[in-house]
*Asks:* 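Attaching a single structure in structure tokens format; questions to follow.
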Amino acid sequence: MEAQTVLFIALAVAAVALVVVVSVALLSIQRNVDQITKRVDESLRQFEMTAEDVRKTNAAFREILSEVERGVSNVTHFTEGVRALRGTVDVATKVFDHAVSPALVSTASALVGLKAATSHIFDRFVRKEERK
């Protein structure tokens, strides 16, 4: 064989070997890209699920805040009602202190006196009957 033919055969074998090595390298790169793609897809799915959970939590939190705001509004309304009622209660307290309370004390005193008188009279009649 001639040297030129041997050289061509060697070049052809080297080219085939190069193609095989490049093909293996490209297949390896393709596998790595596929794995990276799968991981990115999974990460995106997890991110979407997390975003959905955050959205649901946000909606629940907003609902809770809305309920809290309604509660605060109710407490504010109740407090304003109590403040408005306070004047009426103050007037009623003064009336009780100046009119009803002395009347109750007088009535209680009268009842105690009546009881004492009744007891005294009853004791006198019972003692008279015992003497006889």
Side-chain angles (χ1 to χ4, degrees):
M1 285 205 190
E2 293 183 23
Q4 188 177 13
T5 306
V6 172
L7 179 63
F8 285 144
I9 292 175
L11 285 174
V13 170
V16 169
L18 179 66
V19 167
V20 168
V21 169
V22 169
S23 296
V24 169
L26 289 175
L27 285 174
S28 175
I29 290 172
Q30 183 180 4
R31 250 184 276 130
N32 289 339
V33 167
D34 288 342
Q35 287 178 352
I36 290 172
T37 303
K38 287 178 186 177
R39 289 181 184 167
V40 167
D41 286 343
E42 183 62 31
S43 295
L44 286 175
R45 270 190 236 111
Q46 288 177 355
F47 180 76
E48 288 172 355
M49 289 174 21
T50 304
E52 184 65 22
D53 290 343
V54 167
R55 187 193 63 77
K56 288 179 184 177
T57 304
N58 191 19
F61 185 70
R62 284 185 183 189
E63 186 175 327
I64 290 169
L65 278 180
S66 174
E67 294 296 324
V68 167
E69 286 175 357
R70 276 191 230 134
V72 168
S73 174
N74 289 342
V75 168
T76 303
H77 182 68
F78 179 75
T79 304
E80 289 172 0
V82 167
R83 284 184 187 149
L85 185 64
R86 187 173 181 183
T88 306
V89 170
D90 287 342
V91 169
T93 303
K94 287 179 184 176
V95 168
F96 182 79
D97 284 343
H98 295 319
V100 177
S101 182
L104 287 176
V105 169
S106 298
T107 304
S109 299
L111 287 175
V112 168
L114 183 63
K115 180 183 180 263
T118 306
S119 177
H120 179 68
I121 292 171
F122 183 72
D123 283 343
R124 289 197 75 159
F125 281 124
V126 169
R127 284 186 201 156
K128 282 185 182 179
E129 289 179 4
E130 288 177 4
R131 290 183 198 167
K132 291 182 182 179

*Asks:* Is there a path from Val75 to Val72 through hydrophobic residues (I, L, V, M, F, W, Y) whose side chains come within less than 4.5 Å of each other?
*Replies:* no
*Asks:* Could you work out, with salt bridge (Lys or Arg N to Asp or Glu O under 4.0 Å) as the rule, every residue matching Arg55, not counting sequence neighbours?
*Replies:*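 Arg55 satisfies salt bridge (Lys or Arg N to Asp or Glu O under 4.0 Å) with Glu52 only.
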*Asks:* Take atom CD in Glu2; do more than 12 heavy atoms of anything else shown fall under 6.0 Å from it?
*Replies:*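 Atom CD in Glu2 is not packed in, count stays at 12 or less.
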*Asks:* Quick one: pull up OG1 in Thr5 and CZ in Phe8 and give me the separation to the nearest 0.5 Å.
*Replies:* 7.5 Å
*Asks:* Quick one: do Arg70 and Ser66 satisfy side-chain hydrogen bond (donor to acceptor under 3.5 Å, both in side chains)? Show the steps, please.
*Replies:* CA-CA 6 Å; Arg70 276 191 230 134; Ser66 174; 3.1 Å; yes
*Asks:* Just by distance, do the side chain of Thr50 and the backbone of Gln46 share a donor-acceptor pair under 3.5 Å?
*Replies:* yes
*Asks:* Charged N to carboxylate O below 4.0 Å: is that the case for Arg45 and Glu48?
*Replies:* no
*Asks:* Nearest 0.5 angstrom please: Thr107 OG1 to Leu114 CG, how far?
*Replies:*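 It is 12.0 Å, given to the nearest 0.5 Å.
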*Asks:* Working to the nearest 0.5 Å, report the span between OG1 of Thr76 and CD of Glu69.
*Replies:* 11.0 Å
*Asks:* In Å, rounded to the nearest 0.5 Å, how long is the span from OG1 of Thr118 to NZ of Lys115?
*Replies:* 9.0 Å
*Asks:* Would you give me the side-chain donor-acceptor pairs under 3.5 Å for residues 17-40, sequence neighbours excluded?
*Replies:*
from, atom 1, to, atom 2, distance (Å)
Ser23, OG, Val19, O, 2.7
Asn32, ND2, Ser28, O, 3.4
Thr37, OG1, Val33, O, 2.7

*Asks:* Under a 3.5 Å distance rule, please check whether Thr57 uses its side chain to pair with a backbone N or O of Asp53 as donor and acceptor.
*Replies:*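 Here the side-chain-to-backbone pair exists.
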